[in-house]
Amino acid sequence: MTSSMPKHFNPPESEKSWYDFWLKAGYFHADEKSALDPYTIVIPPPNVTGSLHMGHALNNTIQDILIRYRRMDGYEALWMPGTDHAGIATQNVVEKELADQGVDRHHLGREQFVDRVWEWKEKYGGVILEQLQRLGSSCDWVRERFTMDEGLSRAVREVFVRLYREGFIYQGDYITNWCPRCHTALSDLEVEHHERKGKLYHLRYPAVDGSGEVVVATTRPETMLGDTAVAVHPEDERYEDLHGRTFNLPLTHREIPLINDTFCNMEFGTGAVKVTPAHDPNDFEIGERHDLPKITVISLEGTMTHEAGESYEGLDRYACREKVVHDLNEQGFLVGSEDYEHSVGQCYRCQTVIEPIISRQWFVRMKDLAQPAIEAVEDGRIQIYPETWKKTYYEWMNNIRDWCISRQIWWGHRIPVWTCTGCEEILVDVDEPVSCPKCGTGELHQEDDVLDTWFSSALWPFSTMGWPEDTGTLRKFYPTSCLVTGFDILFFWVARMIMMGMKFMGDVPFRHVYIHALVRDADGHKMSKSRGNVIDPLVMIDKYGADAFRFTLAAFAAMGRDVRLAEDRVEGYRNFVNKIWNASKLVLQYLDGVEGDQIIDPPMAKEIQNRWIRSRLSFVIGSVRDAFDSYRFNDAAGSIYQFFWHEFCDWYLELAKPSFYGDKGEDSLKETAITAANVLETSLRLLHPLMPFLTEEIWQRLPVKGDSIMIASFPVADTADRDIEAEESMGVATDLITGVRNLRTESGIKPSERIRASVVSDDDAFSEIVRVLKKDIERLGRLESLELDHVGPIPEGAATAVVKGQVLFINPETEVDAEAERVRLSKELEKVVAELKKVNGKLSNSQFLQKAPPEVVEKNRAIQADLNIQKGKLQENLESLGK
RNA sequence: GGGCGAUUAACUCAGUGGGAGAGUGCUGCCUUCACACGGCAGAAGUCACUGGUUCAAAUCCAGUAUCGCCCACCA
């Protein structure tokens, strides 16, 4: 039974109905009790505040391709979905919303504010997941997780406590990156450095005893209010006299010493450095080495403190900078200033310039955690694709620094540390202690800080599976198979997952890491919401359909390169969708009386075009599998595109039409219909991971058994289908047809005009093939007749061509333009002669003959022979033109 | 300052040692009974530049130029 198909494929309708169908049927769900081998991917959890951008689209399309491929190929495929609570980002969003209502979070208080964030999350947090569904993502939604779920929070506390007890976590007063706007510390990774234009000011500090002065340079003059020393290199001869002196710090009443420190670069400026231990990471270390006081002059709000002095207290740091410069200048301490481009650290969430400030923070000692993670990549337990990223990974891991994990915000996992107000006992535990075990009386106050969001992300591969419980999910699906991600979070996330996986699971979190391209904007910049340069994938889906969009992303996803999405490519693949639809429509018309079993397992074909297309198909299956297996999605897309459009549609279906129309009899119709359906059905299964909706829509209309293409098996190449003879014969036919068509066009013969063509052949095998395929060549060449084995001279004025070393000519009813023909043939001859010259050069080179591999020499000889024949025939043809 | 990557047709990009490719666009012809979101036939490139290795280089090596990214405490 066959059904007729609508004129056009309707993506919105199809996408919605099939997605619902799959969901209801439970095909997305992975069973941990299954006997099948597992294939697991955990999603890089998008921020709850997120909405789908190109990066997500590419990332999730790739994951869905992998998951659908393995699911069809007989694996128990789990794609674990979820979202990330995104501490700072989410808090910022809700704070902004509150601000619009004129509310400050401090007025609400912590508890109420957190409630509000939860409300926000319930209301808007699912948006991104719905958007992922529009892409066709076949996640196991039943297992959806959120990094602040009870279970995951428990895992976070467990990890914190264990790390603390083993001495990996410590607390201390250190200089950290501080965002005055988000009002929290940031890890080094969360600071983005950008080149900015600024000024380098040169300041004069006079010696207390009037015996001289020292000139220092700074881009942040306001920090001089917190200077506690001037440092010079111990070997800097310029300052020998000044050793041991003290200097007046301008604008203050303080005196500061001159110290020696090898940190100073004698080549830079005056070689003297002002030292502000409280506001510069280097100066902090110098301060530690020399036991200098640390004077905090900039507050957590980014304003000047009391310590900065009366005239500056309360000023914003930038207002203060101006005032300090003004005052220094007025009092004669400003030597000068110059334009200066330098790197400035900014908050990765709000772009505010960060301020290095001393505060009490929690840190994780990384070195010992990093070692096993380095080894896991070194010994291949984790493979990174493309490999070039390994180097970057090692570089960072080998120079890893301690991780500041505390954040002074409210939205996140509150640090599981309590202090007893009675005896100051510090309690670190997974669950909130009921009372102080030491004094039993004091009140317990939990640490105010929350953990860096990436702390919980680092546990994602096992926390989502129920750790620390020993769950069936963990046993079945951990370690995961492949992590698909962009390189922008290689350190933030991937490296930390490896470390935590090794530490707490004793095994790698994933066996493969596939690092895909970053989708950039037209200027090559990273697309990001804060930059406002995003192109909306949903618009692409609305405009061209999810299948075309997915296929485009796959076609662009060459390993290790960035993507700049061109919309006309999406349009091109939308046309491919249309092509598949229409080809299917054609094939479906001829399936009366064809059984599903015959389509799935067709008998050996007899007719050459049927043998040929099945041979081609078996090669394509192989290359698509290879491409998927090695993450070459562009090759997979390319192979199948080329096959389906240019081989199946352009050649095969055209050759099949006479059979379809019944011109070649009942048997031919039957065999061809079965073959066409078989190739179509197999192609749909090959295409399914790339184009899930379209393939399901068509597959459901085929008379094959099964409930859905997404649980049908992925094609396996049948080597018995490989048929070199058929491919060679078809090569002759297609070349002849192309030759005829070319002659027609070149000779200006209208398609409607029926003409005669002849072949002059001195090759029996060639002639035999032409004889067998005569009718096809005539039809597709739009020939009235094809004369085989023409003997005698080529008629004067006939247009000629050389095909596979044999001569083809057409007998036009109207005389061809001999001059135009001469020009055409001469041009072709010129080309052949040029090529021949190259080949002759190679083959007359004894070095080439000696050193090149025999097969290469052989190939060149064949080319030479072929070119010689072409040359000869072209010359003859030219001569036969007369004159 | 260190590292990585890019430079191939008008555009967007594949191609990593043996006769330069795709999609789009362009030119010409075709309203042929799956598809004009189509068919057929074409034109189009000093593979950034300079050297080197090799019988053979878009492909490997060195350098140059331009662009981009990542990392880094140089005031």
Side-chain angles (χ1 to χ4, degrees), chain A residues 5 7-9 188 193 200-202 216-220 223 231 263-265 267-276 280-285 340 342-343 356 388-389 391-392 395-396 399 487-488 490-491 518 520 523-526 544 548 552 555-556 558 560-569 571-589 632 634-635 638 641-642 649-650 653-654 657 660-661 737-738 741-746 748-752 780 782 835 838-839 842 845-853 855-857 859-860 863 866-867:
Chain A
M5 288 169 67
K7 193 156 196 283
H8 293 289
F9 175 55
D188 294 328
H193 292 271
L200 184 65
Y201 299 91
H202 301 273
V216 296
T218 179
T219 54
R220 297 184 298 150
T223 62
F263 164 79
C264 299
N265 179 353
E267 311 297 317
F268 188 92
T270 60
V273 183
K274 63 189 274 305
V275 182
T276 322
D280 183 281
N282 294 312
D283 296 4
F284 181 86
E285 283 176 23
Y340 194 67
H342 62 125
S343 163
T388 64
W389 288 104
K391 196 172 173 182
T392 310
E395 183 65 21
W396 191 72
N399 296 298
F487 60 80
D488 52 330
L490 182 62
F491 306 140
L518 217 56
R520 297 181 184 280
D523 305 319
H525 287 124
K526 189 156 106 179
Y544 304 105
T552 310
F556 262 114
R561 281 202 45 161
D562 291 343
V563 165
R564 264 192 267 170
L565 196 74
E567 190 170 334
D568 63 2
R569 284 285 289 263
E571 197 180 330
Y573 291 123
R574 188 272 319 268
N575 296 349
F576 183 43
V577 167
N578 185 250
K579 189 75 181 177
I580 297 167
W581 181 260
N582 282 294
S584 306
K585 212 160 72 179
L586 173 69
V587 172
L588 271 159
Q589 281 175 35
R632 287 179 289 111
N634 59 322
D635 285 343
Y641 182 95
Q642 160 67 24
C649 293
D650 288 350
L653 289 180
E654 292 307 322
K657 279 176 182 176
F660 285 158
Y661 299 158
I737 293 163
T738 302
R741 287 166 170 172
N742 179 287
L743 290 178
R744 296 184 67 115
T745 306
E746 297 290 345
I749 299 165
K750 300 278 181 208
S752 54
L780 296 184
R782 303 187 68 76
E835 297 240 340
K838 274 206 298 202
V839 179
K842 275 193 205 176
N845 181 341
S846 62
Q847 291 291 306
F848 174 73
L849 297 176
Q850 267 174 39
K851 295 188 178 172
E855 64 270 21
V856 173
V857 176
K859 196 179 168 194
N860 274 277
I863 292 166
D866 184 50
L867 287 173

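All chains are named by letter (A, B, ...) in the order of the sequence lines, taking the proteins before the strands, and each is independently numbered beginning at 1. All values derive from a computational prediction rather than experimental measurement.
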Rounded distance in Å between the [atom1] positions of [N] and [M]:
| N | M | atom1 | value |
| --- | --- | --- | --- |
| B:rA48 | B:rG15 | P | 15 Å |
| B:rG23 | B:rG68 | C1' | 24 Å |
| B:rC71 | B:rC11 | P | 32 Å |
| B:rC4 | B:rA20 | C1' | 28 Å |
| B:rA56 | B:rG3 | C1' | 33 Å |
| B:rC26 | B:rG45 | C1' | 15 Å |
| B:rU53 | B:rC70 | P | 38 Å |
| B:rC33 | B:rU46 | P | 42 Å |

Taking N and O atoms by type only, does the side chain of [X] place a donor or acceptor under 3.5 Å from a partner on the base of [N]?
| X | N | value |
| --- | --- | --- |
| A:E395 | B:rA72 | no |
| A:K750 | B:rC29 | no |
| A:K657 | B:rA34 | yes |
| A:N265 | B:rC74 | yes |
| A:R569 | B:rU12 | yes |

Check whether any side-chain heavy atom of [X] sits under 4.5 Å from a side-chain heavy atom of [Y], and report yes or no.
| X | Y | value |
| --- | --- | --- |
| A:H202 | A:T270 | no |
| A:R741 | A:L780 | yes |
| A:D280 | A:R220 | yes |
| A:Y573 | A:Y544 | no |
| A:N634 | A:R632 | yes |
| A:L743 | A:I749 | no |
| A:T218 | A:T223 | yes |
| A:L200 | A:H342 | no |

Length of the [atom1]-[atom2] vector between [X] and [N], whole Å:
| X | N | atom1 | atom2 | result |
| --- | --- | --- | --- | --- |
| A:F576 | B:rC37 | CZ | C1' | 13 Å |
| A:Y573 | B:rA14 | OH | P | 12 Å |
| A:W389 | B:rC69 | CH2 | P | 13 Å |
| A:R744 | B:rG39 | CZ | C1' | 14 Å |
| A:K851 | B:rC55 | NZ | P | 4 Å |
| A:E654 | B:rG38 | CD | P | 14 Å |
| A:D635 | B:rC13 | CG | P | 17 Å |
| A:N578 | B:rU24 | CG | P | 13 Å |

Nucleotide nearest [X] when distance is taken to its side chain, options [options]:
| X | options | answer |
| --- | --- | --- |
| A:A583 | B:rA34, B:rC70, B:rG18 | B:rA34 |
| A:N860 | B:rC55, B:rC37, B:rG18 | B:rG18 |
| A:H8 | B:rG18, B:rC37, B:rA34 | B:rC37 |
| A:F556 | B:rG19, B:rU12, B:rC73 | B:rU12 |
| A:Q589 | B:rA34, B:rC73, B:rG5 | B:rA34 |
| A:A852 | B:rC55, B:rG19, B:rC29 | B:rC55 |

Is the phosphate of [N] approached by [X] (side-chain N or O, under 4.0 Å from OP1 or OP2)?
| X | N | answer |
| --- | --- | --- |
| A:K579 | B:rG39 | yes |
| A:N575 | B:rG38 | yes |
| A:R741 | B:rA41 | yes |
| A:Y661 | B:rA34 | yes |
| A:K859 | B:rG19 | yes |

Under 4.0 Å between any heavy atoms, over every strand shown, what does [X] touch: base, sugar-phosphate, or nothing? Just pick one.
| X | value |
| --- | --- |
| A:F263 | base |
| A:T392 | nothing |
| A:F660 | nothing |
| A:K585 | sugar-phosphate |
| A:P281 | nothing |
| A:L490 | nothing |
| A:E571 | nothing |
| A:Y641 | sugar-phosphate |

Side chain of A:R782, backbone of A:R744: donor and acceptor closer than 3.5 Å? no

So, A:N582 and A:K585: side-chain donor and acceptor under 3.5 Å apart, yes or no? yes

Got more than 12 heavy atoms from elsewhere within 6.0 Å of CD, A:E267? no

Requiring both pairing distances under 3.5 angstrom, list the stems that contain RNA chain B and are made of three or more consecutive Watson-Crick or G-U pairs. B:1-7 with B:65-71, B:10-13 with B:21-24, B:26-30 with B:38-42, B:48-52 with B:60-64

On RNA chain B, more 5' by nearest nucleotide between A:Q847 and A:V839 is A:V839

Given that A:D650 and A:G572 both sit by RNA chain B, which one's nearest nucleotide is further toward the 5' end? A:G572

Are there any protein N/O atoms within less than 3.5 Å of an N/O atom in nucleotides 42-45 of chain B, and if so, which ones and at what distance?
| from | atom 1 | to | atom 2 | distance (Å) |
| --- | --- | --- | --- | --- |
| B:rG42 | OP1 | A:N742 | ND2 | 2.4 |
| B:rG42 | O5' | A:N742 | ND2 | 3.4 |

How are the rings of A:W581 and A:F9 set relative to one another: parallel (under 30°), tilted (30 to 60°) or perpendicular (over 60°)? tilted

Residue set satisfying side chain to side chain donor-acceptor pair (under 3.5 Å) with A:S584, at least two apart, ordered chain then number -> none

Say you draw a straight line from NZ of A:K579 to CG of A:D650; how long is it, rounded to the nearest 0.5 Å? 5.5 Å

